[in-house]
Amino acid sequence: MPSKEPPRRRVPGPARPRNAAGGSGRPRPAARPGAGRPRPPSRRPRGRASRGGSPQSIRLGSPRPRLRLISLCLTLVMLAFVVRLLQVQAVDAGTYSAKAEKNRYLEYTIAAERGEITDRSGIALATSVDAHDITADPKLFTPEDSKAPDAPEQAAALLAPILGKDAAELTKKLSAPKSRYTVLARRQTPQVWKQIKDLKSAFAEKAAKDRADGGTGANVLAGVLQEPTTKRVYPNGDLAAGILGFVNAEGKGGGGLEAQLNGQLEGENGKIRYAQAGGRPVPTAGTKEIPAVAGTDIELTIDRDIQWAAQRAIADQVKKSKADRGYVIVQNTRTGEVLAMANAPGYDPNDLSQVNSAALGNAALQDVYEPGSTSKVMSMAAVLEEGAATPGTHVTVPNRLHRGDRLFRDDIDHPTWYLTLNGVLAKSSNIGTILATGQLGRTQAEANKVLHSYLRKFGIGSTTGLDYPGESPGILAKPQDWSTSQQYTIPFGQGLSLNAMQAASVYQTIANGGVRIEPTLVRGTKGADGRYTAGTAPERTRVVSEKTAKTLANMLESVVDDREGTGTRAHIPGYRVAGKTGTANRVDPVRGIYKGYTASFAGFAPADDPQVTVYCAIQNPTKGSYFGGQICGPIYKKVMEFALKTLQTAPSGSDPARLPVSFKPGE
């Protein structure tokens, strides 16, 4: 059966021309005039469809010029990057590397631990404890690093009450972006740093949470840092402050032994260098450290207990007498070691903000004054040593004595006294001393030269040998320069000046058999290696013979033991005591005139085997008595008793010599 094919669809095509002209078979219309001439271009806008026809197409420009321009710009940019890269990595590589190292690495000083100062038993008088220097990196407080426009102001407001500093001052220090290091506060306690550290942790947590929530994560305390250091403390408060001195804000000795021995005490600082990022050390970057070397420990000759007793006694009397100041020296007669050096009023070196500047320093070494009758022991030493008189030599003492341009008197009015030389010292007669020293030469000028030579031997006019900062050598003019009145006042202690340590040294010389030993304050040192080194042996100088010294000791006992003596209040039961009172007109340092008095007492015990020398002086007592025997004698007794017991000194085993004080006319 033949297959059926679908009928083919006829696609209409162009009609074949039905005539020779190729027309469709329909007659063509006649040609219009002007047919066959070219048609003028259409005036219609492009893109709009002609009436009854299809829209015209838009012709675009070529993209190649634009691509060439963009390629050229990209090439120039890449070329600039390449040039800059070559400059950074090749031409200026060293410079940029150095800058990177400087900004990345921080170098701090490791403070050396300051050496301790102890008493003779090793008890700390000055020591150091851990502390922190609060520092900052100002760059981390810039708006870019801190993410806060006012980071310095915010940080300063938070730190000011903790550090006790002015907020404006802290703001200024934190607003120095060119600096990478500034110190906000030195030697702060661990408690202060803990407060700051807790604040830093709180702000760090807050910043982390803020960043997690899409915020800026500002942290105004990220740049606050710390450096470990030490702080000087004085465990006993004001005890021996005049000797020890203090340490200033820079950690240097500002006075006393802290200043004198600063080179030994401060040690050698170390250094540490480490990489940091955001103020935090980078553990993997390595650390370079030069360890610090601790300072030398200083052991003093001072006995803390005796120092306490001396300081308490003088402070109580200065307050009771409403005096300007006072001092007490306690010295070992055999070694010259200073066992105590007390000043009143004193100060607490732990808190210098409350200290009156007049109380700073060591008045026992820095004050100079006319000693008065305690100086008479030197005049008597010269008379005895030169053989001009003996303790029993008769001296007739009138009520008044005319010498030069003055009329001299004793401290009390009296009838004519008939005294021995011993009695002149016991009753502290100015007139008797003038008469006795007048026998030192054929003329007064010769006598002046002899007396001057002995005063110099005793150390007057020279420093004591302690090399203490600000120590005064005193004032002693040359004998040819003594005025008419000075040549008669100097023998009884007016017209020359000394300090308290010099006065104590005079009595140490007599107690030590006539040999002066330079006083010492440093007993030994212990270095960083733990090795102990004894102090340098002091210089010894013979001033008078042992016989003269022994005779003087017996004469000084009469001052305390004899009922006619001026120092009976210094008597100590069980011990033979040698001593001398002093009451001198005082020069007002402001006006430069005599005003007020200097009361003093000096001596040693036991007189038969001297172990301890004590000297006391009070300046310008204005309430109660101003006589040395009455206000300084009791201080001498308290301090001497305490020292003898502390040193376990045995009581005297013999009775005093009791030399005669007076004689009857005609004998």
Side-chain angles (χ1 to χ4, degrees), residues 331 333-334 336 371 373-395 419-429 432-441 446-460 476 490-493 496 498 502-518 539-562 565 567 576-580 582 602-613 615 654 656-661:
Q331 194 175 11
T333 61
R334 302 301 185 193
S373 296
T374 52
S375 179
K376 290 174 181 173
V377 70
M378 293 185 284
S379 298
M380 292 300 171
V383 170
L384 293 172
E385 187 74 5
E386 292 296 313
T390 66
T393 298
H394 294 179
V395 182
L419 304 176
T420 62
L421 186 65
N422 178 65
V424 169
L425 188 62
K427 295 179 77 68
S428 195
S429 171
T433 305
I434 294 173
L435 293 172
T437 54
Q439 304 302 309
L440 290 174
E446 284 186 13
N448 294 344
K449 289 182 180 179
V450 173
L451 180 59
H452 178 270
S453 67
Y454 279 93
L455 295 175
R456 292 289 296 160
K457 288 179 183 178
F458 275 105
I460 310 304
L476 178 63
I490 285 177
F492 61 80
L496 75 162
L498 45 66
Q502 289 173 318
S505 182
V506 169
Y507 284 80
Q508 175 275 323
T509 301
I510 301 303
N512 192 45
V515 176
R516 180 179 181 271
I517 305 176
E518 284 190 346
E539 184 178 341
R540 295 169 177 259
T541 305
R542 176 157 296 280
V543 178
V544 294
S545 67
E546 187 173 355
K547 179 182 177 182
T548 296
K550 180 64 176 176
T551 302
L552 268 175
N554 291 334
M555 293 171 67
L556 289 170
E557 280 192 86
S558 298
V559 177
V560 178
D561 185 67
D562 195 285
R576 291 171 57 180
V577 177
K580 182 70 188 77
F604 48 86
D608 52 332
D609 183 21
Q611 301 294 320
V612 181
T613 299
Y615 175 81
S654 60
R658 290 193 171 89
L659 300 174
V661 172

Using side-chain heavy atoms (C-beta onward) and a distance below 4.5 Å, is [X] in contact with [Y]?
{"X": "Gln439", "Y": "Thr393", "result": "no"}
{"X": "Val544", "Y": "Tyr454", "result": "yes"}
{"X": "Leu556", "Y": "Phe604", "result": "yes"}
{"X": "Val661", "Y": "Asn422", "result": "yes"}
{"X": "Leu476", "Y": "His452", "result": "yes"}
{"X": "Leu421", "Y": "Thr390", "result": "no"}
{"X": "Pro391", "Y": "Leu384", "result": "yes"}

For Gly513, is there any backbone N or O sitting under 3.5 Å from a side-chain donor or acceptor partner on Arg542?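 Answer holds: yes.
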Heavy-atom closest pair, residues [X] and [Y]:
{"X": "Val612", "Y": "Thr333", "value": "C-CG2, 3.6 Å"}
{"X": "Val424", "Y": "Met380", "value": "CG1-CE, 3.6 Å"}
{"X": "Ile490", "Y": "Leu451", "value": "CG2-CD2, 4.3 Å"}
{"X": "Arg516", "Y": "Phe458", "value": "NE-O, 3.5 Å"}
{"X": "Pro491", "Y": "Ser379", "value": "O-OG, 2.7 Å"}
{"X": "Thr548", "Y": "Ala381", "value": "CG2-O, 3.9 Å"}

Can you list everything that forms a side chain to side chain contact (heavy atoms under 4.5 Å, CB included) with Glu446? Sequence neighbours excluded, please.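 So Glu446 forms a side chain to side chain contact (heavy atoms under 4.5 Å, CB included) with Arg442, Thr443.
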Under the side chain to side chain donor-acceptor pair (under 3.5 Å) test, which residues partner [X], sequence neighbours left out?
{"X": "Glu557", "answer": "Arg576"}
{"X": "Thr420", "answer": "none"}
{"X": "Arg456", "answer": "Ser462"}

Taking atom [atom1] of [X] and atom [atom2] of [Y], what is their separation to the nearest 0.5 Å?
{"X": "Ser428", "Y": "Phe492", "atom1": "OG", "atom2": "CZ", "result": "10.0 Å"}
{"X": "Lys580", "Y": "Leu425", "atom1": "NZ", "atom2": "CG", "result": "6.0 Å"}
{"X": "Leu498", "Y": "Leu455", "atom1": "CG", "atom2": "CG", "result": "9.5 Å"}
{"X": "Ser375", "Y": "Gln502", "atom1": "OG", "atom2": "CD", "result": "11.0 Å"}

Using the salt bridge (Lys or Arg N to Asp or Glu O under 4.0 Å) rule, collect all pairs that involve residues 383-392, keeping only residues at least two apart or in two chains.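 For residues 383-392, and leaving out neighbouring residues, there are no salt bridge (Lys or Arg N to Asp or Glu O under 4.0 Å) pairs at all.
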Tell me the salt bridge (Lys or Arg N to Asp or Glu O under 4.0 Å) pairs involving residues 602-611, sequence neighbours left out?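 Matches after skipping sequence neighbours: Arg334-Asp609.
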Kindly determine whether Thr374 and Tyr507 satisfy side-chain contact (heavy atoms from CB on, under 4.5 Å), including the steps that lead there. CA-CA 9 Å; Thr374 52; Tyr507 284 80; 3.8 Å; yes
I would like to know whether Asp561 and Val577 meet side-chain contact (heavy atoms from CB on, under 4.5 Å); could you show each step before the answer? CA-CA 8 Å; Asp561 185 67; Val577 177; over 6 Å; no
